[in-house]
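The structure presented is a predicted model; accordingly, all values stated were derived computationally and were not measured.
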Amino acid sequence: MSTLTEEQNTPKAEIWRDLRNSRSRTRVLFAEVVGLEDLSLAGQSMKCLKLDYKGVYGYMPSNKIDNYDFKNLQHLMGSTFEFVVDEVITPRQQDEAESQDEVEVEYFLANRIKALEVMSELFWKKVEIDQRYTAFIKGIDGYRLYLLVEGVEIILNRDDVDYNLYDDLRTVYEIGQTIDVKVMQVEKPTEDKPKGYVSVSAKVLMEDPWRFIKDFKEGGTYLGNLQRIHPEFGMFVELKPGLTVKCNVPAGASRRPFKRGDKINVKIRHIDHVKHQILGTAINLNNSIGASNKNISRSGLRWSGKY
């Protein structure tokens, strides 16, 4: 029997009213992705996300998730997705000869693309500078996160993700994750620029690690973790999370296979409180390279704000 034959004031009936209202009024709802299943739709088998909306299951076909083609739907498991109901499906009961225990089950078909269109329109009406949003990561490359903020596509560059130095954002983030961001610039859509423009930052919401600079002095030597080596700009050693010293590559460094996470002694040469930059000299404990080596270059490499 149909779910709607229950008493009309039961929680289950209220849930189904929400779902039907979503279909008739294009109302946006939210549900958790709890599974992946193949579903027969219009005579064709299609991979679908299985959604749990307050205990009622529904399905989101892969072509209704996003205009972006997700290569691996496994990343989306556990995500909370916005959706609008396309259809409420009531399968016909099977013949009693096939199964005497067959019970009619209702489910809904969800459309996220339609929900994002609705949310996008609302976003442009209310967005202002300094507002905060939870963004969905829909794509990643080494230098950028491709976000969805209330249905609007926004690019977050590596420098605005956080204070750490990442060679490749794909080693830190995954598609389907969320990240909190703050709106920094807004240009609402016009006839000339119908797409509008929004820039956001996640880093601005984090506590600036420069607050730890009081724990370090010019001329002092400190132990840090090697974060990266750039062939032109040198070594980058982290003293505190997000607080990094740029060092020259010491003489003799080619004889040692440095790797990320190595413990490195660093002597601080200069602290620039205006630019929030620290210059130092890497010191090797075995004295084969570093400050004690007479061949080491004291000049270091020229600092680039890009790194």
Side-chain angles (χ1 to χ4, degrees), residues 22 25-33 49 51-53 58 60-86 110-164 166 168-208 242:
S22 173
R25 303 178 183 178
T26 320
R27 287 182 52 195
V28 177
L29 303 176
F30 296 85
E32 182 183 7
V33 179
L49 300 180
L51 307 181
D52 182 346
Y53 178 72
M60 183 180 293
S62 57
N63 63 351
K64 301 293 185 181
I65 298 174
D66 199 299
N67 292 322
Y68 178 86
D69 183 18
F70 292 105
K71 302 299 183 183
N72 186 356
L73 298 181
Q74 296 287 345
H75 290 303
L76 307 180
M77 295 285 283
S79 300
T80 298
F81 271 4
E82 50 280 280
F83 69 94
V84 168
V85 174
D86 267 348
N111 186 329
R112 184 168 179 255
I113 295 176
K114 187 182 296 184
L116 294 176
E117 291 173 355
V118 173
M119 295 177 67
S120 175
E121 291 181 8
L122 295 175
F123 173 84
W124 286 117
K125 290 179 180 179
K126 64 181 181 180
V127 63
E128 299 290 346
I129 291 176
D130 292 336
Q131 286 181 326
R132 300 185 180 190
Y133 293 93
T134 297
F136 175 86
I137 300 175
K138 64 177 293 183
I140 310 172
D141 63 25
Y143 303 95
R144 290 168 290 270
L145 297 180
Y146 297 89
L147 308 177
L148 269 179
V149 179
E150 300 287 304
V152 176
E153 297 181 0
I154 299 174
I155 295 176
L156 180 62
N157 291 315
R158 183 174 61 180
D159 292 343
D160 289 315
V161 173
D162 64 28
Y163 289 94
N164 291 298
Y166 298 128
D168 191 335
L169 290 174
R170 290 170 293 190
T171 64
V172 183
Y173 294 92
E174 291 186 353
I175 292 173
Q177 288 183 322
T178 59
I179 182 172
D180 291 333
V181 297
K182 182 178 181 179
V183 176
M184 307 304 293
Q185 296 180 10
V186 176
E187 294 179 13
K188 296 192 177 184
T190 63
E191 290 185 4
D192 295 333
K193 297 181 179 180
K195 290 187 176 181
Y197 171 76
V198 179
S199 71
V200 299
S201 172
K203 182 168 72 174
V204 74
L205 297 177
M206 304 172 186
E207 194 168 8
D208 190 342

### Task
Working to the nearest 0.5 Å, report the span between CD1 of Ile179 and CG of Asp162.
7.5 Å

### Query
Side-chain contact, heavy-atom cut-off 4.5 Å: Val127 with Lys188?
yes

### Message
Taking the cut-offs as 6.0 angstrom to the six-membered ring centre and 45 degrees off its axis, would you call Arg170 and Tyr146 a cation-pi pair?
### Response
no

### Task
Determine, step by step, whether Asn111 and Val85 satisfy the side chain to side chain contact (heavy atoms under 4.5 Å, CB included) criterion, reporting the C-alpha distance in whole Å, the side-chain angles of both residues, the deciding distance to 0.1 Å, and the verdict.
CA-CA 6 Å; Asn111 186 329; Val85 174; over 6 Å; no

### Query
Considering only heavy atoms from C-beta outward, does the side chain of Val152 approach that of Leu116 to under 4.5 Å?
no

### Query
Looking at Asp130 and Lys182, does any basic side-chain N land under 4.0 Å from a carboxylate oxygen?
yes

### Message
Pair Glu150, Glu82 - check side chain to side chain contact (heavy atoms under 4.5 Å, CB included), show working.
### Response
CA-CA 9 Å; Glu150 300 287 304; Glu82 50 280 280; over 6 Å; no

### Task
Apply ring pair (Phe, Tyr, Trp, His ring centres under 6.0 Å) to Tyr163 and list each qualifying residue two or more places apart in sequence or on a separate chain.
none

### Message
Any carboxylate oxygen within less than 4.0 angstrom of a Lys/Arg side-chain nitrogen, looking at Lys138 and Glu153?
### Response
yes

### Query
When you look at Leu147 and Phe136, which way does the side chain to side chain contact (heavy atoms under 4.5 Å, CB included) test go after all the steps?
CA-CA 5 Å; Leu147 308 177; Phe136 175 86; over 6 Å; no

### Task
Indicate yes or no: at least one non-hydrogen side-chain atom of Lys64 is less than 4.5 angstrom from one of Arg112.
no

### Message
Any non-hydrogen side-chain atom of Leu49 less than 4.5 Å from a side-chain atom of Leu73?
### Response
yes

### Summary
One should read off an interatomic distance between Tyr173 OH and Thr178 OG1, to the nearest 0.5 angstrom, of 10.5 Å

### Side chain proximity check, Tyr133 to Val200, heavy atoms < 4.5 angstrom
no

### Query
Step by step, would you call Val183 with Val149 a side chain to side chain contact (heavy atoms under 4.5 Å, CB included)?
CA-CA 10 Å; Val183 176; Val149 179; over 6 Å; no

### Closest contact, heavy atoms only, Ile113 versus Asn63
CD1-O, 3.5 Å

### Task
Identify whether the distance between the nearest side-chain nitrogen and carboxylate oxygen of Asp86 and Lys114 falls below 4.0 Å.
yes

#### Entry: Side-chain heavy-atom pair Tyr53, Leu29 within 4.5 angstrom cut-off
yes

### Message
So which atom in Ser201 and which in Leu156 form the shortest heavy-atom distance, rounded to 0.1 Å?
### Response
CA-CD1, 4.0 Å

### Task
With rounding to the nearest 0.5 Å, note down the distance linking OG1 in Thr171 to CG in Leu169.
7.5 Å

